[in-house]
Amino acid sequence: MSDGKEVMKVIVTIVVISAVAAALLALTYTPTQEQLKLLHAEQQKEAMKEILPQASDFEEVAGSEVDDDGNPVVLYYRGVDSSGNVVGYVVERNQVGAQGMIQLLAGISSDFSTITGFQVMKHSETPGLGALITTPEFQGQFVDLPVADTSLTKNGGQVDAISGATISSQAVVDALHSAVDYVSAQEG
């Protein structure tokens, strides 16, 4: 009979420890998620300033859909100068790469003819290969690049693919074309 009591003590102890751990995790989850959202928003602002440096401010262009918090979903941003003139656009695009989704912000000139730059916000590409899409050497090819030339060199464009990571390189090119098409359709 004492073996049964010992087993019950162990079971009760494990259940109490698990309940306390779950409660502590629940208490830290919500504030942590809020901090992550704030950090993501700050990183996004910095990236937008870098890929569209002519803009002094960014106006959200929201759609009719709402997110989980009830806020309108931002479709893209209009970059405006200090006089309020539109100098370009920033749009977030998701594109399937070699290993998963690539999330990037694309900068586009106000006449939709030039890619002003881009920043990878999130990816799961292979380290040392596809992950090189985040390097200044690769991203620098796109600064003030005419949309007409935004293709890999093997396809007649001016973008050198990353050796061994053609799929990731092509995914970036496709995402940028998608961004230009989307914004020009909305604004044009």
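Below, each value reflects all heavy atoms present in this structure, side chains not excepted, and no hydrogens, waters or symmetry copies.
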Ser56 (side chain) donor-acceptor with Val80 (main chain) under 3.5 angstrom: yes
Parallel, tilted or perpendicular: rings of Phe112 and Tyr89 (30°, 60°): parallel
Pair Gln99, Ser124: side-chain N/O donor-acceptor within cut-off below 3.5 Å: no
Pairwise distance CZ(Phe58) to NZ(Lys49) - rounded to 0.5 angstrom: 8.0 Å
Test item: His123 side-chain N/O and Gln103 main-chain N/O as donor-acceptor pair under 3.5 Å: no
Gap between atom CG of Leu132 and atom CD of Glu137 - 0.5 Å precision: 8.5 Å
Where Ala62 and Pro72 come nearest, the two heavy atoms and their spacing: CB-CB, 3.7 Å
Asp81 side chain vs Ser83 backbone, donor-acceptor pair below 3.5 Å: yes
Shortest non-hydrogen contact from Ala179 toward Val91: CB-CG1, 3.1 Å
Contact summary for Ser169 and Leu152, nearest pair of heavy atoms: CB-CD2, 4.0 Å
Donor-acceptor contact below 3.5 Å, side chain Ser109 vs main chain Gly88: no
Hydrophobic cluster membership, Val90 vs Val74, 4.5 Å side-chain cutoff: yes
Under 3.5 Å: donor-acceptor pair, side chain of Ser151, backbone of Gly157: no
Flag side-chain contact, heavy atom, 4.5 Å: Val10 against Ile14: yes
Glu65, CD: over 12 other non-hydrogen atoms inside 6.0 angstrom: no
Shared hydrophobic cluster, Ile167 / Val120 (ILVMFWY, side-chain heavy atoms < 4.5 Å): no
Separation between CG of Leu36 and CD of Gln43, rounded to the nearest 0.5 Å: 9.5 Å
OG1-CD1 distance between Thr135 and Ile162, expressed to the nearest 0.5 angstrom: 5.5 Å
Shortest non-hydrogen contact between Ser168 and Gly130, atoms and distance: OG-CA, 3.4 Å
Min side-chain heavy-atom separation Ile102-Asn94 under 4.5 Å: no
Atom of Ala175, atom of Arg93 and distance for their closest heavy-atom approach: O-CG, 3.5 Å
Distance (rounded to the nearest 0.5 Å) between Asp160 CG and Lys154 NZ: 12.5 Å
Gln139 (side chain) donor-acceptor with Ile133 (main chain) under 3.5 angstrom: yes
Working for side chain to side chain contact (heavy atoms under 4.5 Å, CB included), residues Thr114 and Leu145: CA-CA 6 Å; Thr114 305; Leu145 180 65; 5.7 Å; no
In one Ile/Leu/Val/Met/Phe/Trp/Tyr side-chain cluster, 4.5 Å: Val173, Leu104: yes
Contact check, side chains of Glu187 and Val86, non-hydrogen atoms, under 4.5 Å: no
Derivation and outcome, side chain to side chain contact (heavy atoms under 4.5 Å, CB included), residues Glu6 and Lys9: CA-CA 5 Å; Glu6 290 298 316; Lys9 280 185 183 180; 4.1 Å; yes
Salt-bridge criterion met for Arg78 and Glu60 (N-O under 4.0 Å): no
Audit row: Phe142, Gln158, side chain to side chain contact (heavy atoms under 4.5 Å, CB included) steps and yes/no: CA-CA 9 Å; Phe142 295 90; Gln158 292 187 8; over 6 Å; no
From CA spacing to verdict: side chain to side chain contact (heavy atoms under 4.5 Å, CB included), Thr116, Ile108: CA-CA 5 Å; Thr116 61; Ile108 304 163; 5.9 Å; no
ILVMFWY network linking Ile17 to Met8, side-chain heavy atoms under 4.5 angstrom: no
Heavy-atom side-chain proximity of Tyr76 to Glu92 below 4.5 angstrom: no
Considering all heavy atoms, the nearest Leu176-Ala106 contact: CD2-CB, 3.5 Å
Spacing of Met48 atom CE and Leu105 atom CG [to the nearest 0.5 Å]: 7.5 Å
Same apolar cluster (I L V M F W Y, side chains within < 4.5 Å links), Val143/Ile51: no
Donor on one side chain, acceptor on other, Glu50 and Gln119, under 3.5 Å: yes
Close side-chain approach of Gln95 and Val172, heavy atoms under 4.5 Å: no
Heavy-atom donor-acceptor pair, Ser178 side chain to Asp174 backbone, under 3.5 Å: no
Test item: Val147 and Ile115 side chains (from C-beta on) under 4.5 Å apart, heavy atoms: yes
